[in-house]
There are 2 protein chains.
Amino acid sequence: MGTVSKALGLIDLLQASSQPLGLTGIARRAGFDKATTRRLLLELVANGYVEQDPETRDYSLGPALQALGRAREQRFPLYRALEPSIRALAERTGETVHAAEYCAGNLSPIVVIESAKANRVILESGLKLPLHATASGIAFLAASPDAFIDQVCRRVLARYTGATTTDAEALRRIVAETRQRGFSLSDQSFEAEVSSVAAAIRSASGKPVGTIAVAMPTSRMTPEIAFEFGALVKAQAEEVSARLFGKANGEPLRKAS
Amino acid sequence: MGTVSKALGLIDLLQASSQPLGLTGIARRAGFDKATTRRLLLELVANGYVEQDPETRDYSLGPALQALGRAREQRFPLYRALEPSIRALAERTGETVHAAEYCAGNLSPIVVIESAKANRVILESGLKLPLHATASGIAFLAASPDAFIDQVCRRVLARYTGATTTDAEALRRIVAETRQRGFSLSDQSFEAEVSSVAAAIRSASGKPVGTIAVAMPTSRMTPEIAFEFGALVKAQAEEVSARLFGKANGEPLRKAS
DNA sequence: CTTACTCGTTTCATTATTCGAACCGGCATT
DNA sequence: AATGCCGGTTCGAATAATGAAACGAGTAAG
């Protein structure tokens, strides 16, 4: 693994952590030596990607990330394009709805609107959705070329709950079913007591770039609900895809000349 | 310079560029060998910090930045805290108003509200404000400890216009004046035909974290306007500082326990 | 059709950078 | 006073980064 990936891995740790971390804690979690960790952190701090509290000496995410996030959003306004759709879907379904973008092997939530119900699904900040164990991930796989699916199947499929699919062949079967159905279903495969339906957002070339999903407590899930909400996410994902990638209203966002 | 900083420098290049760049262009701008540049870029792509268009092979900012920016904003909601103040100030003054955060030797704009006037100041996306040549920078320096000012003065002070202060002693004098005045002034020291006033946002410990500034075409600037708007940014910066760092309404944002 | 250019990519011997065990001083607890 | 944990530092050994050169594909020019 290259030095750069090690450093970026530290940023990931800081994102995953809900609070600032000390040097020793970061080194332990990352599996690096303290000296190594510190050198990497110093370099990240010098570039503004990480920030160190001068008092507690703990490290946290730095200001450069905010600036870069804004820059990316400006060039490719995913949030602005997705937020209204997600909100509408949340109102329509009454459940927690989220959109995620594919990023380095996982799906990262971009927009999350929580259900207003007392018993609702929440997505922790910084959470990443694994491809093989979430409705979003399955929907993404179903929209991906076979070569990509093969690649994912070759990895070890981590187990999150008793219902997680950890067998490559079973995963392929589920993906095939999803392709036919047009949206994906998950039943407590990532978190206990959570069921979801999802569909992929596709770019102009058909390649998936992200997903839209509705998540609810398993107690509220029924086959009828699954199909009703499934049809909704599918329709919404298609509409968003068209809006983003100009199938309908022009303005190609990707390649600004 | 460490390998990590080299890689992060490439991200900076991509942010500064208004369009995606090819390998050769990036290598030339960064001053690295093509092979080196490519290796760094590949690692950044693998981590989602950079994205490569599979067709044109051009590189641009990646999805991870958006996710990380969101995470940082959630832990330290600068944008949410600043946006209303900046908007109010923009309405009150009728000019372009912006807030910036200190990041790796520069000030990065976080919130920008442009004037509604036809002849107005605009801030290009990805622009970074140098400390020695902008009203924001001077205001930041004036709020910084002397050791930091010394450090900045030791660098070579880049020239942007005929009015840019490039002499360390002159810079110290301007900073001293700003400390007395309570807000900073700039007259075409960074961009021709642009004048600004600014004041620093300070954390609970008094250390500056960012700035608020009003920028207008030099043709609309008068001594009276300068003092009127100067008093406004100063007051607004103080209010924001108090709001962010709990001098007034509690809730210490930095060290979430 | 050939030539000459550019671009992205790969290779590999050289070299500079990174690594990490051991260590230091500070602080809190025992 | 002793112990353990913390952030931070040192320096020889080990490793990963480097970049000149070459390759193949594509393209424009001759």
Side-chain angles (χ1 to χ4, degrees), chain A residues 1-14 16-62 104 147 151 205 207 254-257, chain B residues 1-14 17-62 104 147-148 151 205 207 254-257:
Chain A
M1 194 207 299
T3 312
V4 174
S5 293
K6 287 183 196 166
L8 300 183
L10 297 185
I11 296 182
D12 257 24
L13 279 181
L14 291 175
S17 160
S18 56
Q19 49 193 293
L21 294 175
L23 173 61
T24 306
I26 297 175
R28 182 168 33 79
R29 278 164 229 238
F32 304 150
D33 187 88
K34 258 193 314 175
T36 302
T37 307
R38 192 171 126 80
R39 227 171 358 85
L40 295 173
L41 283 171
L42 279 184
E43 222 164 342
L44 291 170
V45 167
N47 290 85
Y49 285 70
V50 167
E51 192 170 47
Q52 183 177 30
D53 185 318
E55 193 169 333
T56 68
R57 323 224 109 174
D58 283 348
Y59 299 88
S60 52
L61 299 178
Q151 198 181 314
S205 67
K207 261 189 55 180
R254 275 337 247 288
K255 34 151 119 181
S257 79
Chain B
M1 196 204 300
T3 312
V4 175
S5 294
K6 286 183 195 166
L8 300 183
L10 297 185
I11 296 182
D12 257 24
L13 278 181
L14 291 175
S17 160
S18 56
Q19 49 193 296
L21 295 174
L23 173 61
T24 307
I26 298 176
R28 183 170 33 80
R29 278 163 229 239
F32 305 148
D33 187 88
K34 261 193 309 180
T36 302
T37 307
R38 195 173 116 83
R39 234 172 346 88
L40 294 174
L41 283 171
L42 281 183
E43 221 164 342
L44 290 171
V45 167
N47 289 85
Y49 285 71
V50 166
E51 192 169 48
Q52 184 177 28
D53 185 317
E55 193 169 332
T56 68
R57 323 225 105 170
D58 283 349
Y59 299 88
S60 52
L61 299 178
F148 182 76
Q151 198 181 314
S205 67
K207 262 189 54 179
R254 280 331 249 292
K255 33 148 112 183
S257 77

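Since we're looking at a predicted model, the values are computed, not measured. Labels below follow one simple rule: chain letters A, B, ... track the order of the sequence lines, proteins then strands, and each chain is numbered from 1.
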Peer 1: Would you say A/Thr3 places a side-chain N or O within less than 4.0 Å of OP1 or OP2 belonging to D/dA17?
Peer 2: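 Result: yes.
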Peer 1: Would you say A/Asn47's side chain and A/Tyr49's backbone share a donor-acceptor pair under 3.5 angstrom?
Peer 2: no
Peer 1: In Å, rounded to the nearest 0.5 Å, how long is the span from NZ of B/Lys6 to CG of B/Leu8?
Peer 2: 12.5 Å
Peer 1: Within residues 24-38 of chain B, find the residues that approach DNA chain C with a heavy atom at under 4.0 Å, and present them sorted by residue number.
Peer 2: B/Thr24, B/Lys34, B/Ala35, B/Arg38
Peer 1: Whole-Å distance between D/dC6 C1' and A/Gln52 CD?
Peer 2: 13 Å
Peer 1: Which of these, A/Leu10, A/Thr37, A/Leu13, sits in a side-chain contact (heavy atoms from CB on, under 4.5 Å) with A/Arg29?
Peer 2: A/Leu13
Peer 1: Given atom CE of B/Met1 and atom P of C/dT18, what is their separation to the nearest angstrom?
Peer 2: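 Taking CE of B/Met1 and P of C/dT18, I get 11 Å after rounding.
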Peer 1: From A/Ile11 CD1 over to A/Tyr59 OH, what is the distance, rounded to the nearest 0.5 angstrom?
Peer 2: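 Those atoms lie 13.5 Å apart.
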Peer 1: Take the protein atom CG of A/Leu44 and the nucleotide atom C1' of C/dT18, then report the distance between them rounded to whole Å.
Peer 2: 15 Å
Peer 1: Nearest whole Å is fine: how far is D/dC6 C1' from A/Asp53 CG?
Peer 2: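 Distance check: A/Asp53 CG to D/dC6 C1' gives 15 Å.
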Peer 1: Measure from CG on A/Leu40 to C1' on D/dT15 and round the result to the nearest Å.
Peer 2: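 So the CG-C1' distance, A/Leu40 to D/dT15, works out to 14 Å.
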Peer 1: Quick check on D/dC6: is either OP1 or OP2 less than 4.0 Å from any side-chain nitrogen or oxygen of A/Arg57?
Peer 2: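 So the side-chain polar atoms of A/Arg57 never come under 4.0 Å of the phosphate oxygens OP1 or OP2 of D/dC6.
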Peer 1: Nearest to the side chain of A/Tyr59, which nucleotide is it out of D/dT18, D/dG8, C/dT9?
Peer 2: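 In terms of side-chain proximity for A/Tyr59, the closest of D/dT18, D/dG8, C/dT9 is D/dG8.
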Peer 1: Measure from CG on B/Asp58 to C1' on C/dT6 and round the result to the nearest Å.
Peer 2: 14 Å
Peer 1: Roughly how far, to the nearest 0.5 Å, is CG of A/Leu41 from CG of A/Leu21?
Peer 2: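 Answer for the CG-CG pair, A/Leu21 versus A/Leu41, is 9.5 Å.
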Peer 1: To the nearest 0.5 Å, how far apart are CG in B/Leu44 and CD in B/Gln52?
Peer 2: 11.5 Å
Peer 1: Report yes if a side-chain nitrogen or oxygen of A/Lys6 is closer than 4.0 Å to either non-bridging phosphate oxygen (OP1 or OP2) of C/dC19; otherwise report no.
Peer 2: yes
Peer 1: Nearest 0.5 angstrom please: A/Arg39 CZ to A/Glu43 CD, how far?
Peer 2: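 If I round to the nearest 0.5 Å, the distance is 8.0 Å.
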Peer 1: I need the CZ-P distance between B/Arg39 and D/dA20, as an integer number of Å.
Peer 2: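 Rounded to whole Å, this separation is 13 Å.
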Peer 1: To the nearest Å, give me how far apart CD (A/Glu43) and C1' (C/dC19) are.
Peer 2: 14 Å
